[in-house]
Amino acid sequence: MKYYIIAGEASGDLHASNLMKEVRIQDPGALFRCWGGDLMKAQGGELVRHYRDLAFMGFVEVLVHLKTITGNIRYCKSDIVAFQPDVVILVDYPGFNLRIARFVHSIGIKVFYYISPQLWAWNSSRVKVIKATVDKMFVILPFEKAFYNKYDYTTDFIGHPLLDVINARQQFPSRAAFLKKNNLKEKPVIALLPGSRKQEIEKMVSMMLTVTDHFPDYQFVVAGAPSLPVSFYRQIIANPSVQIISGQTYDLLHHSVAALVTSGTATLETALLGVPQVVCYKGNPLSYLLAKQIIHVKYISLVNLIMDKVIVTELIQNKLTTRNLIVELEKILDDGPNRNSMLNDYNKLAKKLGGTGASAKVAGLMIQYLDKSK
């Protein structure tokens, strides 16, 4: 069968690539055309657009790049028509993907959505669009199935695919080998995960690094996004002692005593790898004010959202200051109640996510639904 898959950011590229891997096992003749990244391309997908050219954060930024975005939507529609897939699989990225869903449904091609947009956080009216245009929705967070049930829309909860990704990493390099490979010192490591988009990295990494002088007994290491060159980070980071390590985020976290993490999937990855963290986020002030009017959740990190309580401290917008970062980081560096409580809650979080096998499960369900529809 022919699959057209659209992912608009790094986490979508990761999960879509694992889906593609499992689909090929169950459908050896599968053909993939996709919008995504290097991981999807490595699974045999013919890459139409890379996510690094698609990711625009915030309301203001979207308005500035509106011409580019609308041009991409037009091209995507025409490309789908030319490819004539059996199904279009949308991976999160709602601003773009819900527009594509309407079009694809209108021309009679099946629409599957893998990893639901966070409609439970904002704009729940979009559930109407989902019900009208999406044939099957596959959700990865335990509370999402109940959310859609309220709107009389049946979904498949398949568990969180990150559990598979992390479970697959059964072996990590020794600390000595990791330090040597990356020219690091013997000091304990604090990982900095400033995101995957240029806009957020430029803002977040500079803020995170304001605490380095307060922690001279630690070394700070930046997890570089695979899609961006180290030279991009060096333009922002003046301190030559701060190392940038690309394509080794899990290894870095495994050998870190704590992390400063920009909100997003990385907060969940950090938790599942057992690293105490402080969650950081600061956006365009106007975009943030607009977002506050329409986003209705208690937390911004997936860790806190899934557990429905404060597990990790969130420093958002005006609360993200050097002083607050220092205070919160000190709390989790000490082997005391704050650190131990966080690690205990991480164990409960992993159990709540539904176990391993999500990628294989969703691939099997998709093929089963497509076979039934023939």
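Just so you know, residue 1 is the first one in the sequence shown, and it goes up from there. All of these numbers come straight from a predicted model, not from anything done at the bench.
- Atom CZ of Arg99 has 12 or fewer neighbouring heavy atoms from other residues, nucleotides or ligands inside a 6.0 Å radius.
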Item to complete: Determine, stepwise, if the pair Thr210 / Thr322 fulfils side-chain hydrogen bond (donor to acceptor under 3.5 Å, both in side chains).
Response: CA-CA 6 Å; Thr210 61; Thr322 302; 2.8 Å; yes
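- Salt bridge annotation for Lys298-Asp308: present, with a cationic side-chain nitrogen under 4.0 angstrom from a carboxylate oxygen.
- A side-chain donor-acceptor contact under 3.5 Å links Glu269 and Tyr250.
- Scanning all heavy atoms of the two residues, the minimum distance from Cys280 to Leu260 falls at SG-CB, 4.3 Å.
- Atom CG of Asp334 sits in a crowded spot, with more than 12 heavy atoms from other residues, nucleotides or ligands closer than 6.0 Å.
- Classified by interplanar angle (parallel below 30°, tilted 30° to 60°, perpendicular above 60°), the ring pair His160/His15 is perpendicular.
- Side-chain contact annotation: Tyr148 with Ser116, donor-acceptor N/O pair under 3.5 Å present.
- A side-chain donor from one of Glu328 and Thr313 sits under 3.5 Å from a side-chain acceptor of the other.
- Separation of atoms CD1 (Ile367) and NZ (Lys372) is listed at 13.5 Å; rounding is to 0.5 Å.
- Between Thr270 atom OG1 and Leu253 atom CG the span is 4.5 Å, to the nearest 0.5 Å.
- Here the closest heavy-atom approach between residue Tyr51 and residue Ala7 is recorded as CB-O, 4.2 Å.
- Cation-pi geometry between Lys136 and Phe112 is not met at under 6.0 angstrom from the ring centre and within 45 degrees of the axis.
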Fill in: Check against side-chain hydrogen bond (donor to acceptor under 3.5 Å, both in side chains), Asp27 and Tyr3
CA-CA 11 Å; Asp27 177 11; Tyr3 304 81; 2.8 Å; yes
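- Side-chain heavy atoms closer than 4.5 Å link hydrophobic residues (I, L, V, M, F, W, Y) into clusters, and following such links, possibly through other members, connects Val139 to Leu163.
- Ring pair Trp35/Tyr93: centre-to-centre distance not below 6.0 Å.
- Atom CZ of Phe32 and atom CD of Gln43 lie 8.0 Å apart (nearest 0.5 Å).
- A continuous path of ILVMFWY side-chain contacts below 4.5 Å connects Leu333 to Val312, so both sit in one hydrophobic cluster.
- At most 12 non-hydrogen atoms from other residues, nucleotides or ligands lie less than 6.0 angstrom from NZ of Lys185.
- A 6.0 Å sphere centred on NZ of Lys77 holds more than 12 heavy atoms belonging to other residues, nucleotides or ligands.
- Within 6.0 Å of the NZ atom in Lys21, the count of heavy atoms belonging to other residues, nucleotides or ligands does not exceed 12.
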Worksheet entry | Worked verdict on Ser359 versus Glu22 for side-chain hydrogen bond (donor to acceptor under 3.5 Å, both in side chains) | CA-CA 6 Å; Ser359 299; Glu22 294 295 337; 5.9 Å; no
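- The local environment of NZ in Lys128 is sparse, with at most 12 non-hydrogen atoms from other residues, nucleotides or ligands closer than 6.0 Å.
- Hydrophobic clustering (side-chain heavy atoms under 4.5 Å, transitive across Ile, Leu, Val, Met, Phe, Trp, Tyr) keeps Phe178 apart from Phe220.
- Leu209 and Ile244 fall within the same hydrophobic cluster, defined by Ile, Leu, Val, Met, Phe, Trp and Tyr side-chain heavy atoms under 4.5 Å apart, directly or through other members.
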Discussion item. Pair Glu46, Tyr4 - check side-chain hydrogen bond (donor to acceptor under 3.5 Å, both in side chains), show working.
Written reply: CA-CA 9 Å; Glu46 187 175 352; Tyr4 198 102; over 6 Å; no
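- Looking at Gln243 and Tyr233, their side chains never bring a donor and an acceptor atom within 3.5 Å of each other.
- When every heavy atom of Met40 is checked against every heavy atom of Gly36, the shortest pair comes out as SD-CA, 3.5 Å.
- Atom CE of Met204 is separated from atom CE of Met207 by 8.0 Å, given to the nearest 0.5 angstrom.
- A cation-pi contact links Arg49 to Tyr75, judged by a cut-off of 6.0 Å to the six-membered ring centre and 45° from its axis.
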